[in-house]
Trainee: 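Following this message is one structure expressed as structure tokens.
Please read all numbers here as calculations on a predicted model, not as lab measurements.
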Amino acid sequence: MFGMATADESYVEGQNGSFVSYMIAIVEKWTGLEILEGSLNYLDYLLWVFTPLIIVFILPLFIVLFLYLSILFLHVYKRKRELKEAYSNSVWDGARKTLATLWDGHATIWHGYEVHGLEKIPRAGPALIVYYHGAIPVDYYYFLAKVIIQKGRTCHSVADHFLFKLPGFKLLLEVFSVMHGPQEECVRALKNGHLLAISPGGVREALFSDETYRIVWRRRKGFAQVAIDAQVPIIPMFTRNIREGFRTFGCFGFCKWLYEKFKWPFVPIYGGFPVKFCTYLGDPIPYDPNITAAELADKAKQAVQSLIEKHQIIPGNILRALLERVHWREKNE
């Protein structure tokens with residue numbers, strides 16, 4: 001009796017279980033929940049696949065965000081100073097030092113940033129600094145911060161024309177003495193005793209060089225003529241792993257054609273990786289009245305190339321550059 005009852009109850013429960021499952025399946029089909037569940041699973045898969053790609057394209061935007069935060073700070077500082085005193089030559093010193101401290105902190109935390117050879121930058125008097133241009137020259141921003149903090153000087157900079165067309169950048173460029181580069185203006189800045197920095201490769205080198213650290217200066221010699229006219233030394237500069245921090249898809253033929261034809265720097269940039277950055281300054285190339293601009297340009301190019309060969313493992317590798325944050329060693333070790 002008890003055994004028979006147990007069997008019947010099990011049968012009824014089995015029937016009820018099958019019936020309930022059947023009804024749930026019908027409801028899911030009627031309401032579309034079954035399709036929705038499948039879609040959600042597919043979306044989860046897509047998110048898992050594309051999240052790393054999204055991250056590497058979003059990180060470069062943080063540098064742009066940091067630049068705009070710097071601009072916002074300058075606007076606030078400007079209004080505050082206007083309430084206290086009239087404009088003077090030193091009115092922006094506090095702002096520059098504050099922003100230099102913020103950028104230097106970012107450099108130390110995110111990239112373990114170092115500068116070797118900063119003693120070659122004079123505490124007074126002019127010099128022309130020539131450097132290799134990364135995809136995003138964030139290393140140069142960090143270098144400027146070091147010069148302001150440790151040398152107490154502002155380094156004038158030459159930038160591409162498109163930078164002056166970016167919304168909101170005017171104040172930032174003015175405060176940090178950035179110019180678009182007529183030779184006469186550059187010579188004037190140097191003759192007035194200022195430091196001046198320029199990347200002869202410019203945007204072209206930023207977009208179309210790669211992890212082989214190929215210098216893309218073509219036959220540019222205007223910067224050399226500036227050094228000759230101002231009678232100043234040239235100091236070569238290079239930052240290790242700058243191409244591992246940010247990279248471009250510069251191999252796209254259409255992007256290259258677009259830049260060469262219209263000077264539009266539309267090339268996808270990805271990265272923002274916390275790799276080790278280390279800037280090296282080479283020995284100054286002294287002023288020589290008997291040298292031509294072409295010969296001086298070639299000497300400067302060779303000096304930068306020597307820094308690359310001495311301090312950079314080629315081709316660059318993102319994983320190796322990341323590991324250098326933990327185990328830092330020179331190339332020749």
Trainee: With distance as the sole test, does R240 use its side chain to make a donor-acceptor pair with the main-chain N or O of C278 at under 3.5 Å?
Mentor: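 No; judged by distance alone, with no hydrogens or angles, the pair does not exist.
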
Trainee: State whether Y259 and K261 meet the cation-pi test: NZ (Lys) or CZ (Arg) under 6.0 Å from the six-membered ring centroid, and within 45° of the perpendicular axis.
Mentor: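 That pair does not qualify as a cation-pi contact.
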
Trainee: With side chains defined as the heavy atoms from C-beta onward, is the minimum distance between V158 and F223 less than 4.5 Å?
Mentor: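 In short, these two side chains do not touch, never coming nearer than 4.5 Å.
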
Trainee: Do we see a donor-acceptor contact under 3.5 Å between the side chains of T279 and Y113?
Mentor: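 Short answer, yes.
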
Trainee: Pair W92, T154 - check side chain to side chain donor-acceptor pair (under 3.5 Å), show working.
Mentor: CA-CA 11 Å; W92 292 110; T154 300; over 6 Å; no

Trainee: Side-chain donor-acceptor pair under 3.5 Å between Y142 and H106, yes or no?
Mentor: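 Side chains of Y142 and H106: pair found under 3.5 Å.
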
Trainee: Would you say that H111 contacts V275 through its side chain, given a criterion of any heavy-atom pair below 4.5 Å between the two side chains?
Mentor: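 Counting from C-beta outward, H111 and V275 do come under 4.5 Å.
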
Trainee: Closest approach of L163 and F169, non-hydrogen atoms and distance?
Mentor: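 For L163 and F169, the tightest heavy-atom pair comes out as O-CB, 3.9 Å.
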
Trainee: Contact between K299 and I291 at the side-chain level, heavy atoms closer than 4.5 Å - yes or no?
Mentor: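 Side-chain contact under 4.5 Å: yes.
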
Trainee: Which atom names give the shortest non-hydrogen contact between Q225 and A293, and what distance separates them?
Mentor: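 It is OE1-CB, 3.3 Å.
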
Trainee: When you measure from the side chain of R153 to the backbone of G125, do you find a donor-acceptor pair of N or O atoms at a distance under 3.5 Å?
Mentor: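 Side chain of R153 to backbone of G125, a donor-acceptor pair under 3.5 Å: yes, one is there.
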
Trainee: Search all heavy atoms of G134 against all heavy atoms of A206 and return the closest pair with its distance.
Mentor: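 Closest heavy-atom pair between G134 and A206: O-CB, 3.2 Å.
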
Trainee: Regarding S199 and Y140, is there a side-chain donor-to-acceptor distance under 3.5 Å anywhere?
Mentor: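 The criterion, which ignores hydrogens and geometry beyond distance, is not satisfied for Y140 and S199.
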
Trainee: Going hydrophobic residue to hydrophobic residue with side-chain gaps under 4.5 angstrom, can you get from I71 over to W103?
Mentor: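 Yes, because I71 and W103 connect within a single hydrophobic cluster, where side-chain heavy atoms sit under 4.5 Å apart.
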
Trainee: Would you call S306 and V304 a side-chain contact if the rule is heavy atoms closer than 4.5 Å?
Mentor: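 No, too far: nothing below the 4.5 Å cut-off.
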
Trainee: With a 4.0 Å cut-off, would you call R204 and E260 a salt bridge?
Mentor: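 A salt bridge is present here (some side-chain N lies under 4.0 Å from a carboxylate O).
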
Trainee: According to a hydrophobic-cluster definition based on side-chain heavy atoms being under 4.5 Å apart (Ile, Leu, Val, Met, Phe, Trp, Tyr only), do V326 and I109 belong together?
Mentor: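 No: no chain of side-chain contacts under 4.5 Å links V326 to I109.
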
Trainee: Could you tell me whether F273 and F246 have their ring centroids closer than 6.0 angstrom?
Mentor: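 No, the ring centres sit 6.0 Å or more apart.
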
Trainee: Taking atom CD1 of I148 and atom CG of L99, what is their separation to the nearest 0.5 Å?
Mentor: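 Atom-to-atom, I148:CD1 and L99:CG are 8.5 Å apart.
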
Trainee: Go through it in stages, so that I can follow the logic: the residues are R243 and D210, the test is salt bridge (Lys or Arg N to Asp or Glu O under 4.0 Å), and I'd like the CA-CA distance, side-chain angles, deciding distance and then a yes or no.
Mentor: CA-CA 7 Å; R243 282 282 164 184; D210 53 27; over 6 Å; no

Trainee: Hey, do the aromatic rings of W217 and Y132 have their centres closer than 6.0 Å?
Mentor: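 Centroid separation for W217 and Y132: 6.0 Å or greater.
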
Trainee: Measure centre to centre between the rings of F238 and Y213, then say whether the value is under 6.0 Å.
Mentor: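 Yes, ring centres under 6.0 Å apart.
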
Trainee: Does one hydrophobic cluster hold both F208 and F162, with members joined at side-chain heavy-atom distances below 4.5 Å?
Mentor: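 Result: yes, single cluster for both.
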
Trainee: Taking the side chain from Q183 and the backbone from V226, do they hold a donor-acceptor pair closer than 3.5 Å?
Mentor: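 A pair under 3.5 Å: no.
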
Trainee: Would R96 and D93 pass as an ion pair if we require N to O under 4.0 Å?
Mentor: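 Judged by the 4.0 Å cut-off on N to carboxylate O distance, R96 and D93 do form a salt bridge.
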
